[in-house]
Amino acid sequence: MTTSTLAPAPRYWLMKSEPDECSIDDALAAPNATVPWTGVRNYQARNFMRDGMQVGDGVLFYHSSCPEPGIAGIARVASGTRPDPTQFDPASPYFDPKSPTDAPRWLLLDVQALRKTRLISLAELRSTPLLSQMRVLQKGSRLSITPVEESEWACITDVLMRGD
DNA sequence: GCCAACGTTGGC
DNA sequence: GCCAACGTTGGC
């Protein structure tokens, strides 16, 4: 007996975006509400995209480095990975002169925004006992992409159904 | 602007 | 391979 006939386990992620760069509204306004997730320049986050994320995975769209950091929307992974073109663009803030064109260091994937939610602030996340283990809330966590447990996803969608 | 925490770089 | 210095992240 194998699990090959079963659907893959659902996976969930939190992805940080600076709303000045790409807010949930910006993503929803994009063609097909889909944006290429450029600018990931951390190997661990890249590896999550490359090795862990699958089309259809749930995404918590998180606004960071802004007056009101927190979860601002729900999205989904909409593609597999491909090289991030901004690494080769000298005019881009994400330019990486050390990335060989024939062996690109940095990848991106497409993220499709599904809906804007009320903002679940960082303070609210921190004050929710069921979310105390969330990777993004751990001390010193700086990763722009972090895995989310199914129980954490369920807790957040419950919170949204109650107040949203 | 501050600063804690983390990742990367490079000399040795 | 060690580790100090440096750069970045991101909340406050």
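A, B, ... follow the sequence lines: proteins, then strands. Residue 1 opens every chain. In what follows, every heavy atom counts, from backbone to side chain, and hydrogens, waters and symmetry copies are set aside.
- Rounded to an integer number of Å, the gap from NZ of A/K98 to C1' of B/dT9 is 7 Å.
- The bend of the helix from B/dG1-C/dC12 to B/dC12-C/dG1, defined by the angle between the axes of its first five and last five pairs, stands at 10° to the nearest 10°.
- Here A/F88 and A/W106 keep their ring centres 6.0 angstrom or further from each other.
- Side-chain N/O atoms of A/Y62 include one lying less than 4.0 angstrom from OP1 or OP2 on C/dG11.
- The pair A/E124-A/R118 meets the salt-bridge criterion, with a side-chain N (NZ, NE, NH1 or NH2) lying under 4.0 Å from an Asp/Glu carboxylate O.
- The side chain of A/Q44 approaches B/dG7 more closely than any other nucleotide in the set B/dG7, B/dT9, C/dG10.
- Checking C/dG10, B/dT8, B/dT9 against every side-chain atom of A/S64, the shortest atom distance belongs to C/dG10.
- The interatomic distance linking A/R41 (CZ) with C/dT9 (P) rounds to 11 Å, in whole Å.
- We find that CD of A/E21 is positioned 15 Å from P of C/dT8, with the value rounded to whole Å.
- In this entry the distance linking CG of A/N42 with C1' of C/dG7 reads 13 Å, nearest Å.
- In the model, A/R162 has no side-chain atom that pairs as donor or acceptor with a side-chain atom of A/T157 under 3.5 Å.
- Atom CD in A/E68 sits roughly 18 Å away from atom P in C/dG10 (whole-Å rounding).
- Of the residues in residues 119-144 of chain A, those with a non-hydrogen atom less than 4.0 angstrom from any atom of DNA chain C are A/L122, A/R142.
- The two residues A/D26 and A/E21 make their nearest non-hydrogen contact at OD2-O, 4.1 Å.
- A single hydrophobic cluster is not seen to contain both A/V148 and A/V111; linkage of ILVMFWY side chains at heavy-atom distances under 4.5 Å, directly or through other members, places them apart.
- Protein atom CG of A/D96 is 18 Å distant from nucleotide atom P of B/dG7, rounded to whole Å.
- Residues forming a side-chain hydrogen bond (donor to acceptor under 3.5 Å, both in side chains) with A/S99 (at least two apart in sequence, or on another chain): A/Q87.
- For the residue pair A/W37/A/D110, the side-chain donor-acceptor check at 3.5 Å is not satisfied.
- In this structure, CH2 of A/W106 is placed 13 Å from C1' of C/dT8, rounded to the nearest angstrom.
- Residues A/D84 and A/R105 are not paired through a salt bridge, judged by the lack of any N-O separation under 4.0 Å between the basic side chain and the carboxylate.
- Side-chain nitrogen and oxygen atoms of A/K16 include at least one within less than 4.0 Å of the OP1 or OP2 phosphate oxygen of C/dG10.
- Side-chain N/O atoms of A/D25 and A/S23 include no donor and acceptor closer than 3.5 Å.
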